[in-house]
Chemist: 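Got a structure for you, questions after.
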Amino acid sequence: MVVAIGFEGSANKLGIGIVKDGEILANCRRTYITPPGEGFLPRETAEHHQQNIHEVLQEALDQSGLNPDEIDVVCYTKGPGMGAPLMVCAIVARTCAKLWKKPIYGVNHCIGHIEMGRLITKANNPTVLYVSGGNTQIIAYSRKRYRIFGETIDIAVGNCLDRFARVLKLSNAPSPGYNIEQAAKKGKKYLPLPYCVKGMDVSFSGILSYMEDKIDELLKEYTPEDLCYSLQETVFAMLVEITERAMAHCGSDEVLIVGGVGCNERLQEMMGVMCHEREAKIFATDERFCIDNGVMIAYAGALAHASGTRMDFKDATITQRYRTDDVLVTWRDD
């Protein structure tokens, strides 16, 4: 039985979670929200995390009912992510590990999402679609690694949606992607957009540039809701296509959607149609676990710790570009 605390701060979500043998004891989070039309920058995001991390840590300990003596391992997001916010959580995690005399473990952010998704949904060996503000990857497990079958060759799907929300001056509360989703539900008129699948990879920057360059012209003929609807339908169709191709290659009958964009009901619906046609199952979680959180970092770290994986304190650094397939998965037998 492993009790682990996890610190997540790779982007604008600051999360601290505690797990005990797969049971969630605390899941506390704060989100840095910028004014409409603005994105979040590394320095300001790091300052938000600095200002809130002590309060969130105390809240997590209170919620769990544990004291530091009962924690077995301190986990934090090693990467990928924004350097300055990652550093804030790494420094606090290192400090806690020293003060509490506990081992420390740096978790790959993506693997945190995958293992949390597998825990919550009970998916066995799914093809994983990982979609967030900073990442878009198709992943499947094979021989002790999470292998990347396809990914974005430029910007992530979440970044594409967020930046278009800025063009329309949509609110960033609770998140720009959520507000695009709600607007898209009211859209009726479809605008054909560039559809860019290259083998197993996807590209979103051209779609975004096309809409940014023509926005004034487009708004004469289409409502903002129509444009949100058209953007969602196009980029999600691209994601469903490469997911289906990966499933065919792997002989898979399960799809697990993880990452912040995985909350999107329309994406889940479109993926569900494809899975139904293939007689496959779709698995997804809600915003408690899709959106960046500390619990996923704690749980992934607990799995690694229980399997005997250890990290030297000198290696408790951050890596902004930390590939999913760089991690040796020691906790899976299959």
Chemist: When you compare the side chains of Asp154 and Ser203, does any donor N or O come within less than 3.5 Å of an acceptor on the partner?
Modeler: yes
Chemist: Any side-chain donor paired with an acceptor under 3.5 Å for Asp292 and His109?
Modeler: yes
Chemist: Please walk me through it: do His249 and Met200 pass side chain to side chain contact (heavy atoms under 4.5 Å, CB included)?
Modeler: CA-CA 11 Å; His249 181 85; Met200 282 299 297; over 6 Å; no
Chemist: Quick check: are there more than 12 heavy atoms from other residues, nucleotides or ligands sitting under 6.0 Å from CZ of Arg147?
Modeler: yes
Chemist: Would you say that more than 12 heavy atoms from the other residues, nucleotides or ligands in this model lie under 6.0 Å from the NZ of Lys13, or not?
Modeler: yes
Chemist: Heavy-atom count check: over 12 atoms from other residues, nucleotides or ligands less than 6.0 Å from Lys186 NZ?
Modeler: no
Chemist: Between Val261 and Ile148, is there a shared hydrophobic cluster once you connect ILVMFWY residues whose side-chain heavy atoms come closer than 4.5 Å?
Modeler: no
Chemist: If you count the non-hydrogen atoms of other residues, nucleotides and ligands that lie under 6.0 Å from OH in Tyr178, is the total more than 12?
Modeler: no
Chemist: Between Glu287 and Arg29 (salt bridge meaning N to carboxylate O under 4.0 Å), is one present in this structure?
Modeler: no
Chemist: Does the side chain of Ile242 come within less than 4.5 Å of Met238's, by heavy atoms?
Modeler: no
Chemist: Can you confirm if the NZ or CZ of Lys98 lies within 45° of the ring axis of Phe313 and under 6.0 Å from the centre of its six-membered ring?
Modeler: yes
Chemist: Answer with yes or no whether the hydrophobic clustering places Tyr105 together with Ile114; edges join I, L, V, M, F, W, Y residues whose side-chain heavy atoms lie under 4.5 Å apart.
Modeler: yes
Chemist: Decide whether Gln232 and Asn264 meet the rule of one side-chain donor and one side-chain acceptor closer than 3.5 Å.
Modeler: yes
Chemist: Would you check, one step at a time, whether the test side chain to side chain contact (heavy atoms under 4.5 Å, CB included) holds for Leu86 with Phe7?
Modeler: CA-CA 9 Å; Leu86 279 172; Phe7 294 81; over 6 Å; no
Chemist: Pairing donors with acceptors under 3.5 angstrom, does anything connect the side chains of Thr77 and Ser10?
Modeler: no
Chemist: Membership question, hydrophobic clusters at under 4.5 Å side-chain separation (ILVMFWY): are Phe149 and Met274 in the same one?
Modeler: yes
Chemist: I'd like to know if the side chain of Thr152 pairs up with that of Thr136 as donor and acceptor (distance under 3.5 Å, no hydrogens or angles considered).
Modeler: no
Chemist: Hey, is Glu55 close enough to Arg30 for a salt bridge, meaning N to O under 4.0 Å?
Modeler: yes
Chemist: Would you say the side-chain atoms of Glu115 and Tyr146 include a donor-acceptor pair closer than 3.5 Å?
Modeler: yes
Chemist: Give a yes or no on whether a salt bridge exists between Glu244 and Arg278, defined as a side-chain N under 4.0 angstrom from a carboxylate O.
Modeler: yes
Chemist: Indicate whether the side chain of Lys189 and that of Thr223 have a donor and an acceptor atom separated by less than 3.5 Å.
Modeler: no
Chemist: Taking atom types as modelled, is there a side-chain donor on Asn108 or Arg323 under 3.5 Å from an acceptor on the other?
Modeler: no
Chemist: Less than 4.0 angstrom from a charged side-chain N to a carboxylate O is my criterion; do Glu225 and Lys185 meet it?
Modeler: no
Chemist: Spell out, yes or no, whether Tyr229 and Leu267 are grouped together once hydrophobic residues are joined by side-chain heavy atoms under 4.5 Å, including indirect joins.
Modeler: no
Chemist: In sequence, state the C-alpha distance, the side-chain angles, and the governing distance for Cys160 and Leu231, and then conclude on side chain to side chain contact (heavy atoms under 4.5 Å, CB included).
Modeler: CA-CA 9 Å; Cys160 175; Leu231 179 60; 4.2 Å; yes
Chemist: May I ask you to decide if the ring planes of Tyr130 and His113 are parallel, tilted or perpendicular, using 30° and 60° as cut-offs?
Modeler: tilted
Chemist: Distance alone, cut at 3.5 Å: any donor-acceptor contact between the side chains of Tyr32 and Gln51?
Modeler: no
Chemist: Is Arg332 close enough and on-axis enough to Tyr141, meaning under 6.0 Å and within 45°, for cation-pi?
Modeler: yes
